[in-house]
Amino acid sequence: MKHILIVGALGQLGSEIALALRRKYGDNSVVLTDIRDDINRQLIESGPFYKVDCRDAKALADIVQNHHIDTVYHLAALLSATAERSVQAAWDINMNGLMTTLEIARTFRCAVFTPSSIGSFGPSTPKRFTPQDTIQRPTTMYGVTKVAGELLCDYYYHKYDVDTRGVRFPGIISSMTPPGGGTTDYAVEIYYAAVAKHCYECPLAGDTYLDMMYMPDAVDAAIRVMEADPAKLRHRNAFNVASMSFCPEDIAAYIRTHIPDFTITYRIDPVRQAIANSWPDCLEDYAARVEWGWNPKYDLASMTADMLAHVGARNQTGGSPCSQTN
Ligand code: AKB
């Protein structure tokens, strides 16, 4: 019987991993914590929840002990664009939050999932089909914390035998909880704008390619890597996982197959554009496929159809067309 703790459970990724794990193991076996408690009441009330800062070692240790936790999903972090604006806070939350979880895992013998990111790469990394093991010299604070996090997780595995595992996520697209402060957030916003207004003003240039993934595949990756046979894992942390790579012009073209009058315009955000330019176009993910059976289901066409259906169902009232709002 698994007893799981999710740290940072109300964010974009956490809220959907929490749902999937509660469905799989039962509501009471999956304990959630977050620094906020003013969103997603339904999730909060469906099982144990504690409002806790991810750096609060005493509070988290008490939860781990009282709920006999054996696995921790550590998802609390500031994303790339926010981290560039709040450099010290990003270091503090991303590094000291992870260190707190790793120390608790060492003390109470828990397994740990930690997401790394395509942000762990930098301009000197091979840009296309980025290998699993390659140059990692990121030029963002987010990337610095992600590379350090990958190394820290490997260190706790080798030094203390803590069962640390993780993947390098690309931009994640979902319709349930919005992302916040990421460079790839445009790929979620564009669907909401398409449904509401039939137009979108994009902060990245039209030919900026980045890896992206639909949420059901991201949830599958996070659960599958934790359930993989350890004997088959040659890597442990920071598996490259890829499912699709596209640029804003591509996603706009796919949206137009459903909303023919959809238009995209560009007002470049220099911070986000510089971050995106420093990241790879697309990753190679052979290690994840052979070591634990990574096999994503969604591509840009199927994700677009599903996103527009879900966002459309939530937005029955519709919005004003672009020509009236611009
Ligand atoms: C971000 O844009 O910061 C994240 C990421 C790719 O890690 N979505």
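Just follow the structure's listing: the first ligand is 1, and inside any ligand the first atom is 1.
- Using a cutoff of 4.0 Å between basic side-chain nitrogens and carboxylate oxygens, Glu227 and Arg224 are not scored as salt-bridged.
- Between the side chain of Asn240 and the backbone N or O of Leu283, no donor-acceptor pair lies under 3.5 Å.
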Please give the N or O to N or O pairs under 3.5 Å between ligand 1 and the protein, distances rounded to 0.1 Å.
{"residue": "ligand 1", "atom": "2 (O)", "partner": "Ser80", "partner atom": "OG", "Å": "3.4"}
{"residue": "ligand 1", "atom": "2 (O)", "partner": "Thr183", "partner atom": "N", "Å": "2.7"}
{"residue": "ligand 1", "atom": "2 (O)", "partner": "Thr184", "partner atom": "N", "Å": "3.1"}
{"residue": "ligand 1", "atom": "2 (O)", "partner": "Thr184", "partner atom": "OG1", "Å": "3.2"}
{"residue": "ligand 1", "atom": "3 (O)", "partner": "Ser80", "partner atom": "N", "Å": "3.0"}
{"residue": "ligand 1", "atom": "3 (O)", "partner": "Ser80", "partner atom": "OG", "Å": "2.6"}
{"residue": "ligand 1", "atom": "7 (O)", "partner": "Ser117", "partner atom": "OG", "Å": "2.7"}
{"residue": "ligand 1", "atom": "7 (O)", "partner": "Tyr142", "partner atom": "OH", "Å": "2.6"}
{"residue": "ligand 1", "atom": "8 (N)", "partner": "Thr184", "partner atom": "OG1", "Å": "2.9"}

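- In this structure a side-chain-to-backbone donor-acceptor pair under 3.5 Å is missing from Arg272 to Pro203.
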### Task
Could you give me the CA-CA distance, side-chain angles and deciding distance for Phe108 and His68, then say whether ring-ring contact (aromatic ring centres under 6.0 Å, His included) is met?
CA-CA 9 Å; Phe108 295 97; His68 310 290; over 10 Å; no
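- Annotation: cation-pi pair Arg236/Tyr157 present, NZ/CZ under 6.0 Å from the ring centroid and within 45° of its normal.
- In this structure, Phe169 is a member of the same hydrophobic cluster as Trp292, with clusters built from ILVMFWY side-chain heavy atoms closer than 4.5 Å.
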